[in-house]
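Here is the naming used below: chain letters follow the sequence lines, and residue numbers restart at 1 for every chain.
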Number of protein chains: 2
Amino acid sequence: MPYDPSAFPPFAVTVDLVVLTVRRHALCALAVRRGESPYQGRWALPGGFVRGDEDLATAAARELAEETGLHAHDPAGPVLPNAAHLEQLATYGDPKRDPRMRVVSVAHLALAPDLPAPRAGGDAHSVRWAPVEDLLDQEVGYGREGEQAAPLAFDHARILADGVERARSKIEYSSLATAFCPQEFTVGELRRVYEAVWGVALDPRNFHRKVTGTPGFLVPTGGTTTRQGGRPAQLFQAGGATLLNPPMLRPEA
Amino acid sequence: MPYDPSAFPPFAVTVDLVVLTVRRHALCALAVRRGESPYQGRWALPGGFVRGDEDLATAAARELAEETGLHAHDPAGPVLPNAAHLEQLATYGDPKRDPRMRVVSVAHLALAPDLPAPRAGGDAHSVRWAPVEDLLDQEVGYGREGEQAAPLAFDHARILADGVERARSKIEYSSLATAFCPQEFTVGELRRVYEAVWGVALDPRNFHRKVTGTPGFLVPTGGTTTRQGGRPAQLFQAGGATLLNPPMLRPEA
DNA sequence: CTGTTTATCGTCAAGCAGACGACTATGATC
DNA sequence: GATCATAGTCGTCTGCTTGACGATAAACAG
């Protein structure tokens, strides 16, 4: 049977990105300010149309590079300095999610280390890192200093919440928390990542025992650093293990 | 800025279903035989186009009902007799995955109890439950009795593998295994579900202690049954808990 | 009645997690 | 330079969970 274009309704397909990082002890997401209607002036997740000859993962990696300058981490390739973890999150296709037309958005989740330089390709007025708490708690509508208190555009609050939940659960049983760290990092820095993502305090001694005792999680690089103050700490890299067994336990409550 | 149809390439959007059940000690998936080109005569996952005014979850539930007569389980609604668990799995959008046109498929995962009656809406020649092992091990190409040994159509082997992996991991930390059981079931039946999905043997005594000791997982209905032979077993229903803490541990290997 | 099957309860040792004490090595402050 | 604050690292102890497995219970088949 030949291809019959009338047999299916046409959709626009986009990728939206939940890009997370840990800055100053807080889990932050990348937000862009919309320059056009609908939701003009509101904050939204970065994203864009999938091109006609482009895979979904490719489109997400392209958008990520355009917005942040980060490369998607290729497990097969070499360890790049500016590499972020990128994975598909979920797909959102409510018929009314975009008032203009029928858009299906394949959301992706990216985890990036704290970027020393601001991202490329956007001016400071239209792109920012915002604490996810601020972005999600804006249903009632008040920012701290007359800041933009409107909720995220479209269904992006839901997408962001799903992405944050994915990140929170995935660092339990995988080594993904290292994606938030620079290439070399200390146990304390890794612990602060867990604390920021989970929003809890962890016992430094038990945490240290756990992560250094899990084979393949961390490999020492030999160096030490004192950038956090206090006694110098050993530097580590992410080891080859991707799944943690047994997992890190997220405290109750 | 008004809606500009030329600004994005049109896509067809479909839902494909990985419907799993446990039959005769084996994890089985629903497969349909393709009646048309491409891949005519090959087995594929059930699925179809998303309609113009339909949500993705709605489309998946509609396809599920059309193929199996099962309802998608609504957590808010009453417990229906023929209810299956349904969740979004992942989205597949390789530009070449369908030779006819650009199709993005939002795969969903459904977990159903073993259906006493064959499914409605399809004749026996074009729909069947097949052990996932058979469906996935056909890359080399030989079935047991001259059976259809060709691999699944399109990228459906990959989708099925992803769905199976999701199910395998999700029954570890959630109560989803009960979705494979009838409304009332015994601990032994639940154990056989785990054994079939994971492909391992579990100690009946430790399993019994674990599931009956996890609060909210199982609630006794008071009845007993002897349908498995041997000493009568207590009947249970799924309790309210959806997350198991601590999780069921899948044996190493 | 005896053997088989399945369910259920108990015991024990090993391992892990949470609570927390103690010590170490830095920089900051007086 | 002594003291303090900070952060890192090593231990100890206790309770809980797990995995291995013995023992008993209640049905059915011969």
Subject >> Under 4.0 Å protein heavy-atom contact, by nucleotide of nucleotides 20-30 of chain D - B base, S sugar-phosphate only >> reply: BBBB-BBB---
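Judged by distance alone, with hydrogens and angles left aside, the side-chain atoms of T68(A) form no donor-acceptor pair with the main-chain N or O of A65(A) at under 3.5 Å. No donor-acceptor pair under 3.5 Å is formed between the side chain of E67(B) and the backbone N or O of L64(B).
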I'd like a table of atom pairs between the protein and nucleotides 14-17 of chain D - only N or O on both sides, under 3.5 Å - with the distance next to each one.
none

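Atoms CG and CG, on L17(A) and L160(A) in that order, are 12.0 Å from each other to the nearest 0.5 Å. Distance NE2/H156(A) to OH/Y92(A): 10.0 Å, rounded to 0.5 Å.
Using a 4.0 Å heavy-atom distance criterion, R227(A) is classed as making no nucleic acid contact.
In this structure, H208(B) places its NE2 atom 15 Å from P of dT18(D), rounding to the nearest Å. The nearest whole Å value for the distance from the CG atom in L190(A) to the P atom in dA7(D) is 17 Å.
A cation-pi arrangement is found for R128(A) relative to W43(A), the charged atom lying closer than 6.0 Å to the ring centre and inside a 45° cone about the ring normal.
Checked options Q237(B), Q183(B), E184(B); the residue passing with T221(B) is E184(B) (criterion: side chain to side chain donor-acceptor pair (under 3.5 Å)).
For CZ of R24(B), the number of neighbouring non-hydrogen atoms (other residues, nucleotides, ligands) closer than 6.0 Å is 12 at most. In the displayed structure, R158(A) atom CZ is contacted under 6.0 Å by at most 12 heavy atoms of other residues, nucleotides or ligands.
Between R166(A) and D162(A), none of the side-chain N atoms (NZ, or NE/NH1/NH2) sits under 4.0 Å from a carboxylate O, so this pair counts as no salt bridge.
From the 5' end on, the contacts that DNA chain C makes with chain A at under 4.0 Å to a non-hydrogen atom open and close at dA17(C) to dT26(C).
Ring to ring, F207(A) and Y194(A) are close: their centroids are under 6.0 angstrom apart.
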